[in-house]
Amino acid sequence: MQVKYKRILLKLSGEVFGGVQKYGIDPHVLDVIAEENKGIKKYKIDVAIVAGGGNIFRGLSGSAKGMDRATGDYMGMLATVINALALQDALEKKGVDSRVQTAIEMKSIAEPFIRRRAMRHMEKGRVVILAAGTGNPYFTTDTTAALRAAELDAEVILKATKVDGVYDKDPMKYPNSKRFAKLTYMDVLNKGLKVMDTTAASLCMDNNIPIIVFDVTRHGNIEKVVLGKPVGTIVTKG
Ligand code: UDP
């Protein structure tokens with residue numbers, strides 16, 4: 001079967017890692033994500049995953065409680081490393097080879113992020129899990145996803161969520177909310193739709209990287225995206 005994308009960047013937010021729990025890591029979700037990754041191995045596409053960290057710590061919530069913002073952000077970046085290691089464990093249990101690379105060096109547990117090495121791993125069929133965000137405070141892991149997708153020549157960002165796309169209103173609260181099949185970067189920026197923060201969305205726009213917002217917990221969705229079947233909401237230049 002013909003694949004649409006040969007290299008994808010999957011962004012897993014802390015909310016996804018948390019699953020049904022409000023805090024911490026849900027092993028069931030990790031198992032599902034690992035299984036989905038195993039399912040697409042046969043297509044031999046390159047996969048990089050950016051781990052979020054909001055299920056453990058967010059810099060902004062620390063600073064709201066009086067903590068220095070940069071310190072809180074470093075704690076948030078460390079939280080993404082915890083998620084990345086948990087994901088690596090789940091992937092390896094399913095026989096999916098992976099490497100964790102961190103933007104803040106911590107050599108005893110992971111490789112540092114080195115662009116060419118990350119590319120090489122993907123070419124060898126290893127999933128590269130990118131942790132510790134950009135390594136800089138005041139950024140988010142969505143911005144990390146946009147940056148790494150551009151650097152690593154990924155053709156698309158798959159933004160995994162627990163709902164099947166972008167809605168005009170919160171679908172959990174309003175049963176009559178409408179799902180968008182397509183959006184432009186400008187729609188996202190002007191309407192303030194909760195796809196990605198503005199830094200991330202504009203980086204995607206400048207580099208013309210499509211974003212697909214989709215429900216990662218639904219079986220077969222990653223495979224459908226890879227094959228170019230319509231899933232969730234796609235954000236492009238229009
Ligand atoms: N963070 C940061 N720089 C980065 C990426 C992340 O400082 O380049 C920090 C920031 O404090 C953020 C936390 O790490 O709140 C967790 O990342 P994020 O909120 O993006 O995770 P998600 O929303 O995906 O759960």
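Order of appearance sets the numbers: ligands from 1, and atoms from 1 within every ligand. The basis for the numbers below is simple: all heavy atoms, side chains too, and nothing from hydrogens, waters or symmetry mates. Note that the coordinates shown come from a computational prediction; the quantities given were computed from them, not determined experimentally.
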Only pairs under 3.5 Å count here: list side-chain donor-acceptor contacts from residues 130-138, not counting sequence neighbours, and write none if there are none.
unit_1, atom_1, unit_2, atom_2, d
Thr134, OG1, Asn136, N, 3.1
Thr134, OG1, Asn136, O, 3.4
Asn136, ND2, Thr134, O, 3.4

Pairwise distance CD1(Ile222) to CZ(Phe214) - rounded to 0.5 angstrom: 4.5 Å
Any side-chain heavy-atom pair of Arg117 and Val128 under 4.5 Å: no
Backbone of Leu152 reached by a side-chain donor or acceptor of Arg7 within 3.5 Å: yes
Side-chain donor-acceptor distances from residues 231-238 under 3.5 Å, at least two apart:
unit_1, atom_1, unit_2, atom_2, d
Thr233, OG1, Val166, N, 2.8
Thr233, OG1, Phe180, O, 2.5
Thr236, OG1, Gly238, N, 3.2

For His28, all residues meeting side chain to side chain donor-acceptor pair (under 3.5 Å), sequence neighbours excluded: none
Within the 4.0 Å heavy-atom sphere of ligand 1, strictly under, residues: Lys11, Ser13, Gly14, Gly52, Gly53, Gly54, Phe57, Arg58, Gly59, Asp73, Gly76, Met77, Gly133, Thr134, Asn136, Pro137, Tyr138, Phe139, Thr140, Thr141, Thr144
